[in-house]
Amino acid sequence: MLLRHTPKEITERKALVINPAKTCQPIGAMYAALGIHSCLPHSHGSQGCCAYHRSTLTRHYKEPVMAATSSFTEGASVFGGQANLVQAIENIFTIYEPDVIAVHTTCLSETIGDDIPQIARKADADGKIPKGKYVIHVNTPSYVGTHVTGFANMTKAMVDYFAQTNGKRLDQINLIPGYVEPSDMEEIKRIADVMGVRTVLFPDTSGVLNRPQTGKYEMFPKGGVTVEALRTTGSSMATIALGPMASGAAARALDNKFDVPCEILDLPIGFKATDRFVDTLRKTAGINVPDSLNVERGKLLDIVTDMHQYFYGRKVALAGDPDHLIALTEFLVSIDMWPTHIVTGTLSKGFENRIREITEHVPHPVNVASPGDMFLLHQWIKNEPVDLLMGNTYLKYIARDEDIPLVRWGFPILDRIGHSYFPTVGYRGGMRLLEKILDAILDRQDRDSPEESFELVM
Amino acid sequence: MLLRHTPKEITERKALVINPAKTCQPIGAMYAALGIHSCLPHSHGSQGCCAYHRSTLTRHYKEPVMAATSSFTEGASVFGGQANLVQAIENIFTIYEPDVIAVHTTCLSETIGDDIPQIARKADADGKIPKGKYVIHVNTPSYVGTHVTGFANMTKAMVDYFAQTNGKRLDQINLIPGYVEPSDMEEIKRIADVMGVRTVLFPDTSGVLNRPQTGKYEMFPKGGVTVEALRTTGSSMATIALGPMASGAAARALDNKFDVPCEILDLPIGFKATDRFVDTLRKTAGINVPDSLNVERGKLLDIVTDMHQYFYGRKVALAGDPDHLIALTEFLVSIDMWPTHIVTGTLSKGFENRIREITEHVPHPVNVASPGDMFLLHQWIKNEPVDLLMGNTYLKYIARDEDIPLVRWGFPILDRIGHSYFPTVGYRGGMRLLEKILDAILDRQDRDSPEESFELVM
Amino acid sequence: MELSKHIDTPEAEEIDPREVKQQLLEKVPTKVARKRAKQIIVNDVREDLDVPQIGANARTIPGIITQRGCTYAGCKGVILGPTRDIVNITHGPIGCGFYSWLTRRNQTRPPGPEDANFMTYCFSTDMQEEHIVFGGEKKLRAAVQEAYDLFKPKAISIFSTCPVGLIGDDVHSVARDMKEQLGINVFAFSCEGYKGVSQSAGHHIANNGIFTHVVGLNENGKEGKFKINLLGEYNIGGDAFEIDRVLEACGITVVSTFSGNSSYDAFASAHTADLNTIMCHRSINYVAEMMEAKFGIPWIKINFIGAEASAKTLRKIANYFEDDELKQKVEEVIAREMPEVIKVRDEVRKRCEGKVAMLFVGGSRAHHYQELFREIGMQTVSAGYEFAHRDDYEGRKVLPTIKVDADSRNIEELEVHPDPERYRARKTPEQIAGLTEKGFRFKDYDGMMPDMAMNTLVVDDISQYESDRLIDIYKPAIFCAGIKEKFAVQKKGIPMKQLHSYDSGGPYAGFKGAVNFYREIDRMVNSQVWKYLKAPWQENPELAAKYACD
Amino acid sequence: MELSKHIDTPEAEEIDPREVKQQLLEKVPTKVARKRAKQIIVNDVREDLDVPQIGANARTIPGIITQRGCTYAGCKGVILGPTRDIVNITHGPIGCGFYSWLTRRNQTRPPGPEDANFMTYCFSTDMQEEHIVFGGEKKLRAAVQEAYDLFKPKAISIFSTCPVGLIGDDVHSVARDMKEQLGINVFAFSCEGYKGVSQSAGHHIANNGIFTHVVGLNENGKEGKFKINLLGEYNIGGDAFEIDRVLEACGITVVSTFSGNSSYDAFASAHTADLNTIMCHRSINYVAEMMEAKFGIPWIKINFIGAEASAKTLRKIANYFEDDELKQKVEEVIAREMPEVIKVRDEVRKRCEGKVAMLFVGGSRAHHYQELFREIGMQTVSAGYEFAHRDDYEGRKVLPTIKVDADSRNIEELEVHPDPERYRARKTPEQIAGLTEKGFRFKDYDGMMPDMAMNTLVVDDISQYESDRLIDIYKPAIFCAGIKEKFAVQKKGIPMKQLHSYDSGGPYAGFKGAVNFYREIDRMVNSQVWKYLKAPWQENPELAAKYACD
């Protein structure tokens, strides 16, 4: 067994986290910053943070992930990182020539209390910031929140630093996609396009973290939301934020600063949440839903009704982030699957209640933990086995030990491709999710069925 | 073992086909006819043919498949099926009200030699064919060719019956997609749209055999190529036919009758064949390839270069139709996989040579049979095992007996969904195929690797 | 059960079936309407269970989209399909063999890993044009030889497809020759697709063949105190396994099953049983008749679809054998099985009570499954068979009045005489009289209609158009038919249950089967997914744009 | 091998490395250029293998995109990562523990299914803001207690992350207390990420810790006639398994491996070996020094990367033990292993001869892997380490001349004295003199540069910008580095091989490893897929529209 020391008996842990279902703020900030066009994320701390975040994002996306670091030494940790950051800013603009440097802090620089805006002003005063270039920042202490918080904070920073308004409203809607795949951001844009709604989507990692192989490497590829576009977000007629945890802060900032009204929705995973997204977009923009979207929706429901017997009553264990888990749980419940164990490493008030609401009619007890870890999830599974696991690659150890099929979903996915190219949001994304779920369930049936009931038609 | 009687030792068979890798003409004709808007296919023979074809198509598409039959009785088989067909035509137009009845024959009606055009004239003379409605036909004796032939013949019949010209060339190109999924036909149209080329695609089963679940059943849904569009095919500037066997006949007919020049290409499976399709479209229409297609292409190549170590040197056994096998074999060879055993039940001259060309540099002997059956394929596999199977659902029996992963592909797929919604043609289709192949290979590695080499990152 | 025999859902009651019938006929051409009118009957059960006459086993009208298949399908697919140790070779173009390859979910369980199982294989002579022109007998002989060389089976059978009859290949002489040459049993079926009016003809041809070529060849049948044959049970989704389980628990020995999970040797020893029990009356009652005539084995109609029906069936068999020990064992088994059945039934019934079902399928299931629906409080408002005959609707008492038409006349009726050595009346006339006195009924089948509620609509060989209209009118909670109907029905937002293949489910026979079925129907008619077919903006399309665009 | 020591590919020869160096520097700010100039050296091997001095183990300049990680990564990730039976608890916010969880492909094989293996687990105190403010010692104690209660391990270790040092948690006293309290070995590492200039500092801290807290605790080490420790081998992709296989075949006993596939007990008995052999000079040479000082165990540099190198290494070990039987056994093993190596090598060499490679990785691999490339005829035109020191470039002879800067000074140097009881010189001064006479070299490492061709470019701590430029200039057939570099390189159409994790490959050590590597490189540099990156219309964009549109 790969996790041979995990006991079935569950004992309380107050101090020790084992096999976390989360990671730290800065990586989320780095991922979000990569969604700005021509932006180099910068990690203000010791080298390791940056190296770790780049490595993890690279393994997940199998794409170049560029970011710089202040390379703190012991000295810097004692006397502060100002010199390092100023020098970094000069070097970055000179050598890599991004339009934007997006600085995020670390537990190190937060503990010593570096004041980034002050340092940036210093750099500017010293002429280290070329005209028309920007240094933005966000505080992302690793000991507060999780990677989701970091994503939310950096996304809010885009508003804080760039959003403006001349009072005149533009015929466009801000879309904040949440901590999702580049493919998902692309799909969310496509849905809005199909509906004929002009949108500014930010952050936007599509075209950055799912780029083509062309034989030519570009430090800053075509993708990402431009500074120009971000500037206009203060003048948009509304904001639709997908995923309260990841997108809520930026949406509220736009409301507070520029009276841009916002709708904060769940991630559009599954037909119910996607319906709410599309309907909100429809009402907000005052347009009609084109038939092609109804067709996409109908195809998703066709899979649901055609294959219902394979979904019905299957128990599922889930690990992921709150925004994702809420939407996925609703989707699974809506097709009569039975989420049974649900864990996120991210503390989220309201999360458990929301899950309880959604699973109210699931005819068996549901375990929910926020925060919890995968060690606990594994123990729950040992006590109440499930038919399917859904979550990131680290679940594969549980999957193998307990011989349960795994549908890879969420972050990070280090051992399969596809997630960065094919969305799981929207109706099409729902179709992909159902295909993955069915493949997992039916492959298992094909493997385990006695010869006399090995099925040709399924 | 499910196929416990299949011996490793291969003995020659002259008379007995075991586990065919093909079926008969009429089902192909029925499938093609469903690609005409508001068309009811009609099987001129005994009830069973129609019932069998409808059942098989239904199991594959999980969609309504409507078709009528002449319901031959013993009497009709002796005295001919004229009365049956005339009555059928009257009933169909009265009760189901299609625009077109597409009649195909069967071994029965062919053996007794019914003359369909003459019968149709009789029906017309008797006033059984309402104004503006059509009865078209094709001869599809089950004892000649295979389902591919039937598809090709019905597709050609669309030209024979509908194509016209007033001498004036229209700024449009005919696209004949070949015997592929509705999703593939959709994708082929999309690629042409993206390139800004006006096309008439026929047959077109998209929107017919992958329709949405809306709570409303339409006997004749929106999809399918209209008679009006078919009429214009004689005036198109060119025809691009994908898949020589399935699409060549119709393309040549348009050339012969209306001097519409044609390019007959392989199915656009994999980047090489898709390149040829796109490049031909580009040159034929005299336009430039939009960057978005280059990006799709680059994403496909990105998967190839990122995951090459998992493709390289894997042996694959394939069963399917000649057009499909040629394109897929080329694709697999182009990513350094090693097709090893290739079987089609369809007799196709040139097929073996083409495969030999494509696999010239594959560093091991390649078995090819046209025609061959899955019994032979299984025996080959017993003699030279492979890492992967690709083909229709019937391969699952070999897959389980020999413990080889199977990627479902081709016709029929009776036990998984997705094929009718997600294309395997074009660059995106290539991405899907590679994801399926990788999932199969990596799942197997995860299953079989010793614990010390169970990989987190792949 | 009586209670639920009339429909008590207001919606359904408000519907006048006579009007519905008119609606089904108004659009179709007069000639067709006249014919269909005879096959669409408003049920009306009088005393002695008399019901109106229905047109059945009649030709399907060309151009009408029918559920029906052909004689080959009935012969090779249905009856011989489940035989695992006979190499079944289709003589014809490739299609017929391909389409009948593994598609019916007949389950089979060979005794051991070494034992023969050819059901996963498809064998065909793959006729080409030259064989149509010059004849296919030579190729057929070679195919039989190759099959023998490769597999050395106990028996090989040959199935004729449409062209074979027309070009005059003599499959039977080929079979005779090869039988002699190979020293194994080889026999052929003239089951060309154009024969008869439906699969039913194929069943008949198949069963005649098995009776003629196989039954009686093996004197060493299964031993046991209470030996029966189970006729007309095809082990779809494992039904026969469940029935075997129950019978075994009662100490009843199944000598042979026709033809689910069957073996050649069991067929051959069928004549050693002491009772023939018939599940599917349509497909096989004549075999029982012939076995009685030739071997003296009485037959009774039974039904294992439905828990009550299963209990009744077990008691009936026990009564036949007039053995108190057996009767007691049967009661024990029923007592052991019913609690779980009742638990699930009552739980499910809460959610299904009063819902409406429609069944259009097969030759007996459209009848048998009404029982299961009734057990969970669901009403069958309309039903019909795909290929049954009048006796299956109206009961065997109408048999004498059925006239044989041209199509049926071509299906051979075997003339059977008592076997000089082996005829053995299992019951003396006295015993039979005695049993009958006690109300025990031999050869009894009252048909579907007497068992259905008043004013339900019975439709034989229903067409796609008719079922489409019926659904619009009755809006049933569930519709049961076959794969060809499934998705057109579901596209209307009505869950559709296949009662040929059971979709992916089963077993539904016996006690465990009943529980499976209750749960399956509960899943289908009470699933929330059908509520989501319309998008919010389709439900409320009003556009209250919150923010005006400039 | 000599021959291939200078570059004979014309393209590469035409390139003037001095010019290249200028190009790498011209764009960067002067201050940076001045610093980098010291770390970018054109190789120039003089007699006595003298080479130009290179700047190494220096701070990375802020804002320069570097390959380097931190001290925590070197300590917890690299050195302690492969220890399976110690519960390694990260004391800090969750990230550091998460990122160092299972990502390095160190393989481990516990003796049995019941034996400890914690490598699949991630343990962290998951520090929150309140712990930063009020201190984390209490939580750390509780975490150690919970780990003990759950797993009852032999030992628990604690790793400090950046904030821990700053807020002044005394992890060592926590460790001491818990050790006493639990009665198992508990020890801590002050490996805050900001210490030193790279992972290297972390290696040092880790090895000091193991030496201090574990080595010498177990007198019952593995028995054997020829006992060695394998230092600086981390069993990536199974390298150590292959090395063990070869050594075992020779009859040489590996008492302990630092730290691939290691166990606590083996560490503890390391002092019972008679020779220390060093794979990765950078990460561990000081441990060998300390073991010699304390226990009298001599050390030698070895290298199992490359078939020739492996053979050389085996002979060297045999010579050390001065045992003819062993020498003969070694020759037998080499003779048995080489044929397959040569067969594959020569076949692959045909396709790789003359191609150009670049290696920028680690502290020894950038050197060792040049050997493997050389064996298949591939030239290394440029190479450099990520975190090595001058001695790894220029050879140990420069050690006395290396000045210790502020960053290094903070990394504790242990003062080691001979162990009063256990010091035992494995060789007398005479023996050592005798061996040296015969050309046997102790503590020998000449470094990478003397082993590289003239005019090759050596770059320490290469930046993303520099590697990008180098690739444009040299267009190598393959580029070797780590995961962060992989896809940027491949996007340029150049196959990229990870030499930290080996991508999904390995083992590459020893004889079988060499064969694996030859095949892997053959696959990569000769694959056709790189030819397809441009679409036809990008190759020939001309538009010869066949048919005019109206």
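To find a chain, count down the sequence lines: A is the first, B the second, and so on, and within it residues start at 1.
With a threshold of 4.5 angstrom between heavy atoms, A:T23 approaches chain D through its backbone and through its side chain. A:P212 touches chain D through its backbone: at least one of N, CA, C or O sits under 4.5 Å from a heavy atom, while the side chain does not. If you measure heavy-atom distances from A:T11 to chain D, the contacts under 4.5 Å come from the side chain alone. Both the backbone and the side chain of A:Y52 come within contact range of chain D, each with at least one heavy atom under 4.5 Å from a heavy atom of that chain. Within the 4.5 angstrom heavy-atom criterion, no atom of D:K138 approaches chain A. At a 4.5 Å heavy-atom cutoff, D:A535 makes no contact with chain A through either its backbone or its side chain. For chain A, no part of D:Q145 is nearby; none of its heavy atoms comes within less than 4.5 Å. For D:P113, the part lying under 4.5 angstrom from a heavy atom of chain A is the backbone only.
No side-chain N or O of A:Q82 forms a donor-acceptor pair with one of A:N84 less than 3.5 Å apart.
Counting heavy-atom pairs closer than 4.5 Å to chain D, the top residue among A:T94, A:T56, A:T73, A:T214 is A:T73.
Between D:K486 and D:D503 there is a salt bridge, since at least one side-chain N of the basic residue sits less than 4.0 Å from a carboxylate O of the acidic one. Electrostatic pairing of A:D401 and A:R4 does not count as a salt bridge here, judged by no charged N lying under 4.0 Å from a carboxylate O.
Taking the centre of each ring, D:H91 and D:F159 stay at or above the 6.0 Å mark. You'll find the ring centres of A:Y397 and A:H378 outside the 6.0 Å limit.
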